[in-house]
Structure formats: C-alpha cells, structure tokens
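These values consider heavy atoms only, across backbone and side chains, with no hydrogens, waters or symmetry-generated copies. By convention in this document, chain letters (A, B, ...) are assigned in the order of the sequence lines, proteins followed by strands, and residues within each chain are numbered from 1.
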Amino acid sequence: MIVLFNSRTREKEPFDPPDRRRVQLYVCGVTVYDDCHLGHARLLVVFDMVVRYLRYRGYGVRYVRNITDIDDKIIPRAQETGESVASLTKRMIGRFHEDQAGLGVHRPDEEPCATEYLTAMIALIETLVERGFAYPAPNGDVYYRVERFPAYGALSGRRLDELRVGSRVEVEEAKRDPLDFALWKAAKPGEPAWASPWGRGRPGWHIECSAMATTLLKTPIDIHGGGQDLEFPHHENEIAQSEAACGAPFVRCWIHNGLVQVGAEKMAKSLGNFLTIREALGRFDRETLRFWLLGSHYRSPLFFSDALLAQSRTGLERLYLALRGLGDAPNESDCEEIHPWLGRFEAAMDDDFNTPEALSVLFEMAREINRVRDRKPAAAAALGVGLRRLGGILGLLEHDPDAFLRRTGPDADTVWIEQRIEERRKARLTRNFAEADRIRDELAGHGILIEDGPEGRTLWRRDRQ
RNA sequence: GGCCAGGUGGCAGAGUGGUCAUGCAGCGGCCUGCAAAGCCGUCUACGCCGGUUCGAUCCCGACCCUGGCCUCCA
C-alpha cells in the first residue's frame with residue numbers, strides 16, 4: 001500500500017485511486033520565457049520518478065503537465081528580444097524539451113500549452129460569472145470573488161482576514177477585495193489578445209490550470225503536483241476556480257516538492273542565483289544530477305553546491321563499480337535472489353516516495369554483489385539485474401558501467417590508453433615495477449585510474465574531476 | 001507580524017520509544033609487487049530546557065535557530 005503526504009491535510013494518506021488503470025496526475029509545469037534552472041529540474045525529475053514508480057507498481061497513469069506560454073513575464077521578455085511572443089515561446093519550448101531529454105525525463109502523456117485552451121478558459125470564467133463567483137470590472141478585467149468561496153485558504157492553511165492584514169497585494173481600484181485575483185486581463189496595446197465576452201484580453205495565470213486539468217483529466221484528480229512555492233496562491237486559486245465552477249472536489253491529493261537552495265536561500269530567477277539545466281548538464285552528467293536530486297526526500301529543501309554534486313558522482317560510481325563486469329543474469333530462477341531487495345525498495349518508495357531510503361537499498365545490494373561476485377557469480381549477476389531494474393525506476397544505472405566510468409566520449413584517446421596499459425602489462429610480467437608505476441602515473445596525469453585485477457587483467461576508468 | 005516546514009555524527013541524508021540507516025570523507029585490518037577497487041572493523045549523532053515513561057533523538061510543552069509562503073516563482 002502506497003501512502004502519500006497530502007499537503008492539504010498535512011498527513012500521510014493511503015493512495016487509493018478509484019481506477020488503478022487510469023491514475024489522473026496533473027503537474028504545474030514551467031513558464032517558457034527563459035531557460036529552466038535546477039529548481040525546475042527538481043520538479044521534472046521528482047514527478048518523473050513518481051510516474052515511473054507508479055507504473056512499476058502496476059498503475060496506469062495519465063500524466064498531464066502544462067506549459068504556460070502566455071503570461072506577464074513572457075510579454076516584456078519578447079519585447080526585449082525583439083521577437084513575437086509566439087516565436088519566443090516556441091523557441092523556449094524547444095529548449096525546454098532538450099533540457100527534459102538531457103535529464104532523462106520521460107515526456108508526460110500531455111503537455112498542453114495555455115494558448116491552446118482559450119476556449120475552455122473562457123467557458124470556465126463564464127460559468128464562474130454566472131454562478132456569482134466572479135465579476136467583470138469596469139476596466140475590462142474579470143476577477144474571482146474570493147469571499148464567495150468558503151474553503152478559500154484551506155489548502156495552505158490561511159484565513160482571509162489574516163491575508164488581508166499582512167497583505168502586500170497592490171490595491172487595484174477595480175477589485176472589490178484586494179485578495180480577488182484576475183481571471184481575465186483586458187488587453188493593453190501591443191499585447192497578445194483574444195476575443196472574449198468581456199472584450200479583447202488574455203487569461204490570468206491561474207485559470208489555465210483549472211481549464212486544462214478539468215478538460216484533460218477526470219476530476220477529482222488523483223494527484224496534483226507542483227513546487228512548494230505554488231501552494232499559495234496558485235493552487236489555492238485553482239481549487240477555488242475549479243470547485244466553484246464544477247461544484248465538485250477538484251483534487252484528492254496535493255503533492256508539493258521542496259525548493260532547491262543555494263546557500264541560505266532558494267534558487268530562483270528573481271534572485272539571480274540559479275544554474276540552468278543546460279549549464280548543469282555541461283558540468284555534471286544526467287545521472288549525477290538525478291542522484292543528487294533524489295538523494296534527499298522530495299519534500300525537503302535540497303542544497304546545491306559543487307561539493308555535493310561531486311559526492312553524488314562518487315556515490316553513483318560506487319554503484320556502477322559493483323555493476324561492472326557482471327554480465328547478464330543467467331536465467332529467471334536465479335532472479336529469485338532479488339525478491340527481498342525488491343521488497344525493501346518498494347517499502348521505502350511506498351512510504352511517500354522515500355528515495356533516500358530506496359537509494360540505501362541500492363547501496364546495500366551493491367555491497368552484496370561485491371561480497372559474492374567471486375564466490376557466486378550467478379547470484380551476483382542476478383543481483384546486478386535487480387539493481388539495474390530498481391535503479392531504472394529512479395532513472396539511474398541506465399548507462400553501460402564501463403561507458404559511465406570511462407566517460408567514453410568522442411575523444412579518441414581510448415586506443416592510446418589501451419596501448420599504455422598493454423605496455424604496463426609487459427613491464428609487470430618482467431617485474432619491472434618501476435616502469436609499470438611510471439606508466440600508471442602517466443595515465444593518472446591524464447585523469448585515468450588503473451585497477452589491476454586477477455590474472456593480469458587491468459581495468460581503467462576516468463578519475464572524477 | 002501571520003501561516004507552514006525543519007534543526008541528526010567532519011559533510012550529505014533516512015529513520016526509530018529500548019539492535020545496524022546509507023553514501024562521501026577519516027582511521028585500522030585483509031587483499032595487492034605497490035596501488036586502485038573491494039571486503040571487515042572503527043570513528044560512542046540526534047539544537048536547548050523542562051515533562052510523560054522503567055527507558056526518548058524519536059511523544060508533550062517552552063525557548064533558540066534556519067528555510068519557505070504571505071508579490072512573479074518549480
């Protein structure tokens with residue numbers, strides 16, 4: 001039985017979707033006005049892990065993650081770069097997909113763009129106006145009347161009066177209540193605009209998720225995810241919009257991933273302390289990043305530093321070193337050996353996706369492989385198969401071990417390395433250890449580590465940098 | 001100021017009312033021509049103060065500190 005921490009109740013709850021074959025999952029994605037950074041990478045990898053695990057557990061999952069392609073930030077950015085909004089967002093979506101693939105993140109089943117759902121959004125707003133939950137203002141905007149929705153604040157644990165007291169929301173003349181939020185924004189000159197019953201304009205940010213989630217998924221949605229920073233007001237507003245319009249519960253379980261931190265504060269574009277995904281992929285390989293991202297629980301803050309990423313690389317290498325040279329599992333029956341390990345891994349993951357604990361199971365499997373690899377090679381190979389299968393749920397251990405450890409790339413120095421090793425082998429045969437050590441040092445100078453195995457065989461791998 | 005979350009060994013990071021997390025780093029041993037990798041062992045961690053309990057890092061209360069949200073934000 002999987003249990004999930006539901007942000008709304010702040011408790012772990014049994015995960016019991018009404019239809020196991022069609023779990024409804026919606027995640028708030030990214031706004032495409034700039035390259036994504038490691039904070040977005042965490043969101044992408046965490047929910048990639050969630051989907052992989054649920055599918056491993058036999059659930060059918062329909063995974064929808066939106067792309068915001070019309071927004072207050074996109075418009076000025078397009079003006080800066082001197083291109084149209086459509087051109088900017090198309091370009092950024094392309095780069096986003098490259099980043100996603102670079103991280104080894106599977107594509108969701110649907111990646112709807114906001115601009116493709118104007119009709120649904122307008123219909124939703126009309127319903128809200130009809131039902132008295134929204135009102136058109138004289139300035140052409142349409143606002144949601146927060147006070148009309150009694151459950152407003154339930155998700156994030158806020159009360160309207162408290163919000164008003166501490167409110168930093170700018171007072172807009174047109175709003176009846178400072179907490180009311182825009183469903184529709186009247187077009188300003190030069191902005192992208194769509195026709196609507198309230199004149200030309202564009203949608204507010206929150207309405208797109210309500211429209212796309214209710215259009216593409218069956219409500220109540222089983223799991224709705226997003227970054228912790230979206231809990232208020234974005235998700236609160238989504239609930240208010242969706243439930244007021246449909247008159248039914250919107251989401252069963254809310255899942256929020258913690259934020260990536262740099263030093264003492266969160267990584268954010270507004271703070272300028274971010275590393276983009278593509279920059280990160282240039283410095284660390286994808287699995288090192290995933291290992292780091294999944295090495296702490298998804299709800300905890302996650303600290304970024306070069307030293308922590310180096311630790312992740314080292315840990316991952318330990319797993320690959322255990323896998324190296326194992327060969328395939330001989331047959332199915334030998335795979336029986338892995339069942340207890342599967343059980344422990346699943347117990348960890350069933351408990352609100354406890355990936356750190358799941359990783360510890362992987363490390364213990366690696367140690368067991370190292371213990372038995374000489375005495376019981378078949379058992380070691382079977383364990384290796386299990387280790388790779390479990391690693392795959394986290395998007396790890398998908399490389400060939402030697403390729404990973406050697407970082408085999410386009411560089412053609414492999415031949416040169418092999419020649420050095422052969423020379424050294426001859427030197428060792430004649431017990432010319434001074435020459436053997438000299439060659440080893442020479443290779444080390446090129447970042448190549450040598451490991452002598454039994455029967456004169458020598459393995460090599462690349463040093464971590 | 002309000003609302004949340006959290007403070008675990010050198011670092012990272014799980015977890016539990018009374019045996020071990022795990023990884024990295026360090027130290028000792030085995031293995032090795034020497035190394036590396038690996039295995040074995042080791043390094044007596046749970047912010048502070050009270051309380052409950054036979055017993056608390058784990059439960060309760062106060063305090064201190066940190067982060068997030070309260071404005072765009074994954």
N/O (side chain, A:Ser156) to phosphate O (OP1/OP2, B:rG68) under 4.0 Å:
no
What interatomic distance, in whole Å, is found between C1' of B:rG50 and the corresponding atom of B:rA62?
8 Å
Could you check whether A:Arg367 gets within reach of a base, just the sugar-phosphate, or nothing at all, counting any heavy atom under 4.0 Å?
sugar-phosphate
Separation between the P atoms of B:rA56 and B:rC46, rounded to whole Å
14 Å
Sugar-phosphate atoms are those with a prime plus P, OP1 and OP2; base atoms are the rest. Using that split, label each nucleotide of nucleotides 25-30 of chain B B, S or - for protein heavy atoms under 4.0 Å, 5' to 3'.
------
Grab the CE-P distance between A:Met267 and B:rG67 for me, whole Å please.
16 Å
Write down the distance between CZ (A:Arg461) and P (B:rA36), rounded to a whole number of angstrom.
10 Å
Test salt bridge (Lys or Arg N to Asp or Glu O under 4.0 Å) applied to A:Arg313 and A:Glu317, step by step:
CA-CA 6 Å; A:Arg313 169 83 196 183; A:Glu317 286 195 0; 2.8 Å; yes
Reckon A:Trp205 has a side-chain N or O less than 4.0 Å from the OP1 or OP2 of B:rC73?
yes
For the side chain of A:Glu162, starting at C-beta, report the closest nucleotide among B:rA5, B:rG2, B:rA14.
B:rG2
With a 3.5 Å cut-off and just heavy-atom distances, do the side chain of A:Lys266 and the base of B:rC73 make a donor-acceptor pair?
yes
For a quick check of understanding: with a heavy-atom distance under 4.0 Å over all strands, which category does A:Leu359 fall into, base, sugar-phosphate or nothing?
nothing
Nearest-Å distance, CZ (A:Phe181) to P (B:rC70)?
15 Å
Return the value, rounded to whole Å, for the distance between atom CD of A:Glu238 and atom P of B:rA74.
13 Å
Nearest to side-chain heavy atoms of A:His297, which nucleotide of B:rA14, B:rC70, B:rA74:
B:rA14
Please work out whether the ring planes of A:His37 and A:His40 are parallel, tilted or perpendicular, with thresholds of 30° and 60°.
tilted
Taking any heavy-atom pair under 4.0 Å as a contact, classify A:Asp71: base, sugar-phosphate, or nothing.
nothing
With 3.5 Å as the limit, what N/O pairs link the protein to nucleotides 10-12 of chain B?
residue: B:rC11; atom: O2; partner: A:Gln311; partner atom: NE2; Å: 3.3

What's A:Asn370 touching, base or sugar-phosphate or nothing? Going by heavy atoms closer than 4.0 Å.
sugar-phosphate
Record whether the side chain of A:Asp229 comes under 3.5 Å of the base of B:rC72 through a donor-acceptor pair of N or O atoms.
no
Whole-Å distance separating the CG atom of A:Asn6 from the P atom of B:rA5
13 Å
Please state the P separation for the pair B:rG38 and B:rU22 - nearest whole angstrom.
15 Å
Report the distance from atom CZ of A:Phe232 to atom P of B:rC73, rounded to the nearest whole Å.
12 Å
Sequence neighbours left out, cut at 3.5 Å: what donor-acceptor pairs do the side chains of residues 224-234 of chain A make with other protein atoms?
residue: A:His234; atom: ND1; partner: A:His206; partner atom: ND1; Å: 2.8
residue: A:His234; atom: NE2; partner: A:Glu238; partner atom: OE2; Å: 3.2

A:Gly39 near the nucleic acid: base, sugar-phosphate alone, or nothing, with a heavy-atom cut-off under 4.0 Å?
base
Suppose we screen for side chain to side chain contact (heavy atoms under 4.5 Å, CB included). Which residues come up paired with A:Glu279, at least two apart in sequence or across chains?
A:Leu275, A:Thr276
What nucleic acid atoms does A:Asp72 come within less than 4.0 Å of, heavy atoms only: base, sugar-phosphate, or nothing?
nothing
Whole-Å C1' distance, B:rC54 and B:rG17:
12 Å
Would you measure the distance from the P atom in B:rG41 across to the matching atom in B:rC34 and give it in whole Å?
24 Å
Listed range with range, the stems formed with RNA chain B by at least 3 consecutive Watson-Crick or G-U pairs (under 3.5 Å) are B:1-7 with B:64-70, B:10-12 with B:22-24, B:26-30 with B:38-42, B:49-51 with B:59-61
Salt bridge check: are A:Asp350 and A:Arg57 linked by an N-O gap of less than 4.0 Å?
yes
Report all side-chain donor-acceptor pairs from residues 450-457 of chain A shorter than 3.5 Å, counting only partners two or more places apart or in another chain.
residue: A:Glu451; atom: OE1; partner: A:Arg324; partner atom: NH2; Å: 2.6
residue: A:Glu451; atom: OE2; partner: A:Arg461; partner atom: NE; Å: 2.4
residue: A:Glu451; atom: OE2; partner: A:Arg461; partner atom: NH2; Å: 3.4
residue: A:Asp452; atom: OD1; partner: A:Arg424; partner atom: NH1; Å: 3.0
residue: A:Asp452; atom: OD1; partner: A:Arg428; partner atom: NH1; Å: 3.4
residue: A:Asp452; atom: OD1; partner: A:Thr458; partner atom: OG1; Å: 2.9
residue: A:Asp452; atom: OD2; partner: A:Arg424; partner atom: NH2; Å: 2.8
residue: A:Asp452; atom: OD2; partner: A:Arg428; partner atom: NH2; Å: 3.4

Protein-nucleotide distance (A:Phe363, atom CZ; B:rG38, atom P), rounded to Å:
11 Å
Could you list the residues that satisfy salt bridge (Lys or Arg N to Asp or Glu O under 4.0 Å) with A:Asp437, not counting sequence neighbours?
A:Arg440
Do A:Phe304 and A:Trp292 have ring centroids that are under 6.0 Å from one another?
yes
With sequence neighbours excluded, what pairs up with A:Gln311 under the side chain to side chain contact (heavy atoms under 4.5 Å, CB included) test?
none
If you look at every strand shown and take non-hydrogen atoms under 4.0 Å, does A:Lys73 touch a base, only sugar-phosphate, or nothing?
base
Rounded to whole angstrom, note down the P distance from B:rG9 over to B:rA45.
9 Å
Nearest whole Å is fine: how far is B:rC39 P from A:Glu451 CD?
13 Å
For A:Arg424, answer base if it contacts any base atom (sugar-phosphate contacts may also be present), sugar-phosphate if it contacts only those atoms, and nothing otherwise; contact means non-hydrogen atoms under 4.0 Å.
base
Partners of A:Asp71 by side chain to side chain contact (heavy atoms under 4.5 Å, CB included), sequence neighbours excluded?
A:Thr31, A:Thr68, A:Lys73, A:Ile74
Using the ring pair (Phe, Tyr, Trp, His ring centres under 6.0 Å) criterion, which residues pair with A:Phe15? Sequence neighbours excluded.
A:Tyr59
If we take the P atom in both B:rG26 and B:rA37, what is their distance in whole Å?
10 Å
Same-atom distance (P) from B:rC58 to B:rG18, integer angstrom:
12 Å
Hey, does A:Gly258 reach any base, or is it just sugar-phosphate, or nothing, if we go heavy atoms under 4.0 Å?
base
Approximate separation, where rounding is to 0.5 Å, of A:Phe96 CZ and A:Thr89 OG1
13.5 Å
Hey, does A:Val260 reach any base, or is it just sugar-phosphate, or nothing, if we go heavy atoms under 4.0 Å?
base
Which residues pass the side chain to side chain contact (heavy atoms under 4.5 Å, CB included) test with A:Ala137, sequence neighbours left out?
A:Asn139, A:Tyr143, A:Ala174
Indicate, with a heavy-atom threshold strictly under 4.0 Å, whether A:Arg318 touches base, sugar-phosphate, or nothing.
sugar-phosphate
Would the number of heavy atoms belonging to other residues, nucleotides or ligands and lying under 6.0 Å from CZ of A:Arg10 be above 12?
yes
Does A:Arg52 have any salt bridge (Lys or Arg N to Asp or Glu O under 4.0 Å) partners at least two apart in sequence or in another chain, and if so, which?
A:Asp48, A:Glu398
When we call it a touch if two heavy atoms are under 4.0 Å apart, what does A:Arg428 touch: a base, just sugar-phosphate, or nothing?
base
